[in-house]
Peer 1: 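Let me give you the structure first, and then I'll get to my questions.
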Amino acid sequence: MSDAQFGGSRAFPRHLLATDTEAAAVRLIGARLIRGSHLDGQVGRIVEVEAYIGEEDMASHARFGMTRRNARMFGPPGVAYVYLVYGMYHCLNVVTEAEGRAAALLIRAVEPLGGEDAMRAARIRWAHDRSRGRGAPARTRASIRIQALPRARLASGPGLVCAAFSIDRGADGVDLCDPGSDLRLELADEDEPLPVATAPRVGISYAPEPWRSRKWRFFVPGNESISSRASLGRVVQP
DNA sequence: GCAAAGATTTGCT
DNA sequence: GCAAATCTTTGCC
């Protein structure tokens, strides 16, 4: 397999993440998320993200100020912020804006372009690790279910992106803009930019207005890989 | 020190 | 459609 098969790509420019997070979100849609080599690694394009902007954003982990967990959000742009949610799922964020300002983009869904088998293997590995103690039948059912998943559904949610790309706390702090990183971003070299729609963020009912209704979820409308909780939103200019 | 909730996903009723 | 699984982080005593 060659780069041409994926339409070509190159290191993701850090400056596209260094200022306005909403603009960065639109830029990140369509970008490649890559684990390992283009040959045997996982390659996908980002089709859904959510923005968490500033300490004033009452839906953000940064709403209580800097803590041990969210410190990465205050760091330099282009770095991975990975956390564990609900005791079992990891979530991958790309830090945005200048160092000292807490902002990040949660990668909610990726459309697999290459390394489909590696993604399935990683998903099965993850399911097996999680089902320890629940017996062999449970593990077998999980394997069968994952093997039967359509390609487009292998990374269609924030927890599933991390399972398919083997991302855990060990990836926290990785520079995603460094071409030498095993986990990294690359800028797509598409003929046409993907359409981008916006909608309120998911799973933040604890947040007061106006944060709850801010249309800070960005996604490719109609794409089969967007998370199951996604719904239609307003189309915006890239 | 302890109780409560969470940027999720799956499986069962 | 709802509850369980599971554990770190946060907030209050």
Side-chain angles (χ1 to χ4, degrees), chain A residues 21-22 24-25 28 46-74 80-96 102-110 119-120 122-135 137-150 152-165 167-172 198-219 225-231 233:
Chain A
T21 298
E22 290 184 77
L28 208 48
I46 296 166
V47 294
E48 185 183 348
V49 303
E50 270 178 6
Y52 292 85
I53 310 174
E55 295 177 69
E56 64 275 19
D57 178 359
M58 296 306 284
S60 171
H61 288 167
R63 65 188 179 280
F64 301 119
M66 195 191 301
T67 65
R68 181 126 124 230
R69 173 170 72 158
N70 67 24
R72 292 280 182 215
M73 294 184 73
F74 293 79
Y81 164 45
V82 181
Y83 64 89
L84 184 67
V85 71
Y86 295 109
M88 61 192 98
Y89 297 101
H90 289 278
C91 289
L92 170 67
N93 295 255
V94 181
V95 175
T96 58
L105 291 165
L106 169 68
I107 307 302
R108 286 194 57 87
V110 167
M119 292 186 198
R120 283 187 204 280
R123 286 282 307 269
I124 290 170
R125 217 158 38 232
W126 185 92
H128 281 202
D129 287 347
R130 191 170 78 91
S131 64
R132 265 189 208 144
R134 262 191 289 161
R139 289 194 296 277
T140 302
R141 278 193 300 273
S143 293
I144 290 171
R145 185 180 61 79
I146 292 167
Q147 289 290 8
L149 281 177
R153 298 261 103 202
L154 289 173
S156 55
L160 303 180
V161 168
C162 287
F165 282 78
I167 296 167
D168 58 18
R169 288 299 293 268
D172 189 56
T198 63
R201 293 170 289 180
V202 163
I204 56 154
S205 56
Y206 56 85
E209 297 290 359
W211 313 109
R212 193 189 328 195
S213 298
R214 284 275 148 81
K215 292 184 173 177
W216 282 352
R217 185 158 59 86
F218 301 79
F219 61 99
S225 295
I226 60 181
S227 71
S228 52
R229 298 172 76 171
S231 57

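Throughout, a chain's letter reflects where its sequence line sits, starting with A, and its residues are numbered from 1.
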Peer 1: Does anything in residues 58-72 of chain A pair up under salt bridge (Lys or Arg N to Asp or Glu O under 4.0 Å), and if so which pairs, sequence neighbours excluded?
Peer 2: Arg72(A)-Asp172(A)

Peer 1: Are Arg201(A) and Glu50(A) within salt-bridge range, i.e. N to O under 4.0 Å?
Peer 2: no

Peer 1: Under the 3.5 angstrom rule, does the side chain of Asp57(A) hit a backbone N or O of Ala59(A) as a donor-acceptor pair?
Peer 2: yes

Peer 1: Could you tell me if the ring centre of Trp126(A) sits under 6.0 Å from that of Tyr89(A)?
Peer 2: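 Yes; Tyr89(A) has its ring centre under 6.0 Å from that of Trp126(A).
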
Peer 1: Would you give a per-nucleotide map of nucleotides 4-13 of chain B, 5' to 3', where B means the base has a protein non-hydrogen atom under 4.0 Å away, S means only the sugar-phosphate does, and - means neither?
Peer 2: --BBBBSS--

Peer 1: Both distances below 3.5 Å, Watson-Crick or wobble geometry, any strand: find the nucleotide opposite dT9(C).
Peer 2: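 Here dT9(C) is engaged in a pair, and the nucleotide opposite it is dA4(B).
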
Peer 1: What pairs with Arg212(A) under side chain to side chain contact (heavy atoms under 4.5 Å, CB included), at least two apart in sequence or on another chain?
Peer 2: Glu209(A)

Peer 1: Rounded to whole Å, please give me the gap between CE in Met58(A) and P in dT10(C).
Peer 2: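 Whole-Å distance recorded here is 14 Å.
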
